[in-house]
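Positions are given from 1, in the same order as the sequence printed here.
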Amino acid sequence: MDMDNVSQGLTCCVCTNWFSSLFGQFDVPDCCCGCCSALRPRYRRLVDNIYPSDPQDGLVKSNMEKLTFYAVSSPEKLDRIGEYLAYKVSRDIARHRNGYVIIAMEAMDRLLLACHAQSLNLFVESFLKMVQKLLECHEAEMQLLAAQSFIKFANIEEDTPSYHRRYDFFVSKFSSLCHNCHEDLETQSRLRIAGLKGIQGVVRKTVSDDLQVNIWDETHMEKIIPSLLFNMQGHCGSLSETPDSPQEEANPWSLAENCLRELMGRATFGNVRSVIRPVLKHLDNHELWEPNDFAVHTFKIIMYSIQAQYSYAVIQILMSHLDDKSKMDESDRKRKKPKADAKVRTGIVNVLANIVSIAAGESIGPSVLEIFNSLLNHLRHSIDIRTTKEADLMDEKHFQDCVINTLGEFANNLPDFQKIEIMMFIMGKVPLPTDESHEADVLLQKILLKSLLKVGTKYRTVQMCQAFPSPFLQPLLQMSLASDTAVRLVVQQILHTLLDRHNYLSSLTQLYVAGPLPDIKIEKCSRQDSMFFKKNGNDILMHMFESVQIANNTAENFQAIYTTLALICVEFGTDSEVLIELLRLIFAIQELPAKSTLLSSGQHCAMHILVVGFLFFLAHLTAIPLFCAHVEQVIKNRLERAIQLLPDDSCTFGLFNSIPDNMEETLFDSGVIAEALRSSGHDTSRLLLPYIPRKVGQVTVTRSISDLNSISVEVDSVNSSPGIPRRHPEEEITVESLKRMLAESPTARRQAEDERRLRIIEEFRTAAFEDLVAKAEQQTLDLQNKLNEIFGKVPAAVDISSRPNSPHPNTRDDSRPLPPPVCNIKFPSHFIY
C-alpha cells in the first residue's frame, strides 16, 4: 500500500491509540489529531526522522541518507520536501527552538548539494523562504546561518534558467548586514562579512542569467555599492592589480574590495555607469574628495578590475561629474561661483591624474580631444572665478596646478603624433599678445602655456619639423614677445623641452666663462633638420633678437634665451650655415647697447654677459685655437677693466650693473672670429654682413623676411633659364665675358654678387623717394622701347588703321598680317613706385 496516497483525513480518535501502540509515537501534522500519523506521506516521515529527540545530538545522519536517496530517486517530491522543511523551520523559529532550525538548514544544504542542478528549480523556492525567515530573525546566529546557507546555494551552477525567483529582499537584507553596528566587535565583523558574502552570492547568481532580476538596476546598485564602500573606508592601504588572497577575506574591507573587483570585472559597457554613479554619490555625500586618498584608492580598484576597452568610459563619467561640479551656482552667479568649491574639484581632477596611467593608451583615443578641451575649459573658468578670500584663491591655484598635472598624465598616455596634435590644440586656445592685453588674458596665457609645457615634457623629439609644425611654431614665437616676463619664460622653456633631443638641457642651464664645459658630443645635422633650419631658422633667431630687447627682462629671461641658443647650436650642429647665422645674431646683440637708449644700463650689461657666455661655449664646442684665444683674451680684459660684463659668482646675469666708459678692448671682434673660422674651412662670406631683422610688430609671414641680405634682386630674371648663369644688366655676353666667367673663382664671384646686393639694398634704404620714382619711370620707358623694337619698330603715335589704301587695318597689300598696334599708355604718377 502506497502511504503517499493515503488521505490525511483519517483522523479518527479511536484509531489513535491503536496506531500509537503499534508504530510508536509520531509527530503528526496539525491537520491530524494523531490517530493516523502512520498514514502520513513518506516524504514527511523521512523528514521527521532526521530530527533527533535532543537537538544537541545533531542531525540523524542515517535517516538523512535515506531522505537524500529518496529525493534523488523521486525528484518530483523535492518541492514537497522543501515546503515541509520550510514549514518546520518557521514553526521552530517561532518557538525559539534554534537547535532544530540548525538541523533543518543542514539538511537543506545537503539536499541542495545532492540533487542535480536540473531539479533545483523545484526546491529553491522553499529554500529561499527558509533563508528569508532566518534573515528576518533578530538573532545574530540565525542571520549568520542564513548567510552561510545562501552562499553555499550561490556556488551551485545551474543549467536551467529560473523564471520566478526574486532577490530584492536578499539585496536589501545583505546590504543592511554590511552596515551592522553590533556592540560586540567580533560579532559585528562576522555579520558584515556575512552581508558582503551574501551580496557576492547574489551577484554571482544574477549576472549570468538574463531571466533573473537585473542586478545592475539603479535600485540595487545604490544599496550594494555604498555597502562595499562603507566597509572599505579607513583601510585604503597598498593596492595591487590582483585581488587579495582568500586568507585576507577575514577582514570586511578586504572582502569588500574583492567584491568590488568581481563586480567591476563582470560589468559590461552598458553597466559601467550603473556602478560608477553610486560611487560618485557616496563620495559626494560623505565628503571624501578632500582628502581624496580613499577616492583614488577606490578608482584604482575599479580601473584595475574593469575590462580594458571600457576604461575610457570611467574617465568620461568622471569628467562629466567634474563638469557638473563646475557649473555656476544659480544663487551666486554675480561672483561666478561654481556649485562645488575648489577642493572638491581638485580631488576629482587628482583622481583623473592617478587613474589615466592605468587605462590602456587606445582606450582614451576616441575622446582625447574632448577630454583636453574640457580640462582647458575648467582652467579658463577657474581663472574667471572672482573671490575676495585669500584661501579660496590659493585653492583655485592648487586646482589649476592639478589640472595642468592631469593634462601631462593624459598626454603621457598618448602616442607621439597625438601629443603634437594636443600641443597645437592648446596653442590654439592661447590668446595671442596684443597691446591691450588684460590681466585675465595674461593669466590665461600663463596657465595654458604651462599646460603646453607639461605636455611637451612627455614628448620625445626625433625630427624638428615634426616637433615644430608651422601652425604651432609661429604662434609660439609670437608668444615669445609677450609683455609678461613669466609668459616669455614659459615659452623659452617649451622651446628647451622640444629642442633637447640628447638630454643636454641640464648642462646648458647655466652660463660659464671659465673652467671646463660639460661633455657634449655634436652629431651631424640631418637633411630634414637642415631643411627645417633653412626655412625657419632666421625667424627663430629674429625672435630671440627681439626678445633680448624687451625692457622688463629678468635674469631668468636672459638665461633662458642663452639656453635656447645653446640648444640650437648643439642640436643643429656646427656646420657653416647654422654657425654663421648664430654668430651674426650674437654680434647684433653685442651692438644693441650702443644703439638702444630705451634699455637700462643693467639690461645692457646682461646683453654683454649673454654674448660672452655664448661665445665661450661656442669656442670650446668648435675647438678652433684662434677662436678660443680671442674669447679668452676678451674675458681677461673684462676681468681687468669691466668685470660687470661677466656673470657673477653664481653664473647669473647682473641687472644692476653700469656700463663702463671705455669698451673697445672688452668687445669681441667679428673680423678675428671670421678669420678663425675661415682658417678651419668655414664659409664666412655672410658673417660680416649686417644683421637687419624686421621690427617688432611687423606682419609675420610663412617665409622669414627678417634678413634683407637674403633677398636676391635679379633685374633680368625673366630672361634667365635653368642652369644658365644670370648676367648683370650692364654686361653683354661675349666670348671674352664667357672666358672671364670660367676663369673667375666661385669665391670671388660670390663676393662680387654680395657686394652688388649690398649696393642695391643700400640704395633702396638711403635714396630719396623721388629718385626711386624717376628710376622706375626710366625702366618703364626702356621697357616700352624694347616692346616697340620687338613689334617691328612701329611708332606708338602712328594710327595704323588710318593708313590710306589699306583694305583692312590688320593686313598689308601683300596679304601678310600687320604687327599688332602698339599703344603708349600713360599711367598716373601714383601708380609708379
Do you know which two heavy atoms are closest between Lys419 and Val455, and how far apart they sit?
O-CG1, 4.1 Å
Salt bridge (charged side-chain N to carboxylate O under 4.0 Å, His left out) filter on Arg501, not counting sequence neighbours, yields Asp529, Glu571
Tell me every residue that passes side chain to side chain contact (heavy atoms under 4.5 Å, CB included) with Asn373, counting only those two or more places apart in sequence or in another chain.
Asn377, Phe425, Lys429
Are the side chain of Gln603 and the backbone N or O of Ala551 linked by a donor-acceptor pair below 3.5 Å?
yes
All heavy atoms of Ser470 vs all of Pro475, minimum pair found to be O-CD, 4.1 Å
Can you name the residues that form a side chain to side chain contact (heavy atoms under 4.5 Å, CB included) with Ala588, not counting sequence neighbours?
Phe545, Tyr691
Which atom of Gln492 lies closest to which atom of Thr564, heavy atoms considered:
OE1-OG1, 2.6 Å
Is the side chain of Arg638 donor-acceptor paired with the backbone N or O of Leu646 at a distance under 3.5 Å, no angle test?
no
Spell out, as yes or no, whether a donor-acceptor pair under 3.5 Å connects the side chain of Asn553 to the backbone of Val548.
yes
To the nearest 0.5 angstrom, please state how far the SG atom of Cys605 sits from the CD1 atom of Ile643.
12.0 Å
Apply side-chain contact (heavy atoms from CB on, under 4.5 Å) to residues Leu618 and Cys569 and explain how you reach the verdict.
CA-CA 8 Å; Leu618 192 58; Cys569 183; 3.3 Å; yes
Show me the donor-acceptor pairs, under 3.5 Å and distance only, between side chains in residues 626-637 and residues at least two apart or in other chains.
| from | atom 1 | to | atom 2 | distance (Å) |
| --- | --- | --- | --- | --- |
| His630 | NE2 | Asp669 | N | 3.0 |
| Gln633 | NE2 | Asn637 | OD1 | 3.1 |
| Asn637 | ND2 | Gln633 | O | 3.4 |
| Asn637 | ND2 | Glu665 | O | 3.0 |

Using a 6.0 Å cut-off, check whether atom CZ of Arg460 has over 12 heavy atoms from anything other than its own residue.
yes
Distance col, row Ser670:OG vs Ile586:CD1, nearest 0.5 angstrom, shows 13.0 Å
Partners passing side-chain hydrogen bond (donor to acceptor under 3.5 Å, both in side chains) against Thr509 (at least two apart in sequence or in another chain):
none
Show the nearest heavy-atom pair for residues Thr461 and Ala467, with the distance to one decimal.
CG2-CB, 3.7 Å
When you measure from the side chain of Asp539 to the backbone of Asn536, do you find a donor-acceptor pair of N or O atoms at a distance under 3.5 Å?
no
Answer yes or no: is there a side-chain heavy-atom contact under 4.5 Å between Leu476 and Phe472?
yes
All ring-ring contact (aromatic ring centres under 6.0 Å, His included) counterparts of Phe616, not counting sequence neighbours
His620
Side-chain donor/acceptor of Tyr504 to backbone N/O of Lys521, under 3.5 Å:
yes
Hydrogens and angles aside, do Gln466 and Asp416 bring a side-chain donor and acceptor to less than 3.5 Å of each other?
no
Sequence neighbours excluded, which residues qualify as ring-ring contact (aromatic ring centres under 6.0 Å, His included) partners of His502?
none
Has Ser547 got a side-chain atom pairing as donor or acceptor with Ser480's backbone, closer than 3.5 angstrom?
yes
Determine whether Phe468 and Ile540 make a side-chain contact, defined as any pair of heavy atoms from C-beta on separated by less than 4.5 Å.
no
Taking all atoms of both residues into account, what is the closest heavy-atom pair of Ile550 and Leu481, and its distance?
CD1-CA, 4.1 Å
Looking at residues at least two apart in the chain, or sitting in another chain, which of them share a side-chain hydrogen bond (donor to acceptor under 3.5 Å, both in side chains) with Thr684?
Arg678
Short question: side chain of Gln445, backbone of Pro431 - any donor-acceptor pair under 3.5 Å?
yes
Among residues at least two apart in sequence or on other chains, which ones pass salt bridge (charged side-chain N to carboxylate O under 4.0 Å, His left out) with Asp484?
none
Under 3.5 Å donor-acceptor, His496 side chain and Ala560 backbone:
yes
Residues two or more places apart in sequence or in another chain: which of them pass ring-ring contact (aromatic ring centres under 6.0 Å, His included) with Phe533?
Phe572
For Arg584 and Asn538, does a side-chain donor sit closer than 3.5 Å to a side-chain acceptor?
no
I'd like to check the side-chain hydrogen bond (donor to acceptor under 3.5 Å, both in side chains) partners of Glu421; sequence neighbours left out, ordered by chain and number.
none
How long is the span from the CG atom in Leu610 to the CE atom in Met607, to the nearest 0.5 Å?
9.0 Å
Residues in side chain to side chain contact (heavy atoms under 4.5 Å, CB included) contact with Thr497, at least two apart in sequence or another chain:
Leu453, Thr457
What I'd like to find out is whether the side chain of Gln418 reaches to under 4.5 Å of the side chain of Pro415, using heavy atoms alone.
yes
Please verify the inter-ring angle class for Phe617 with Phe614; under 30° counts as parallel, over 60° as perpendicular, anything in between as tilted.
tilted
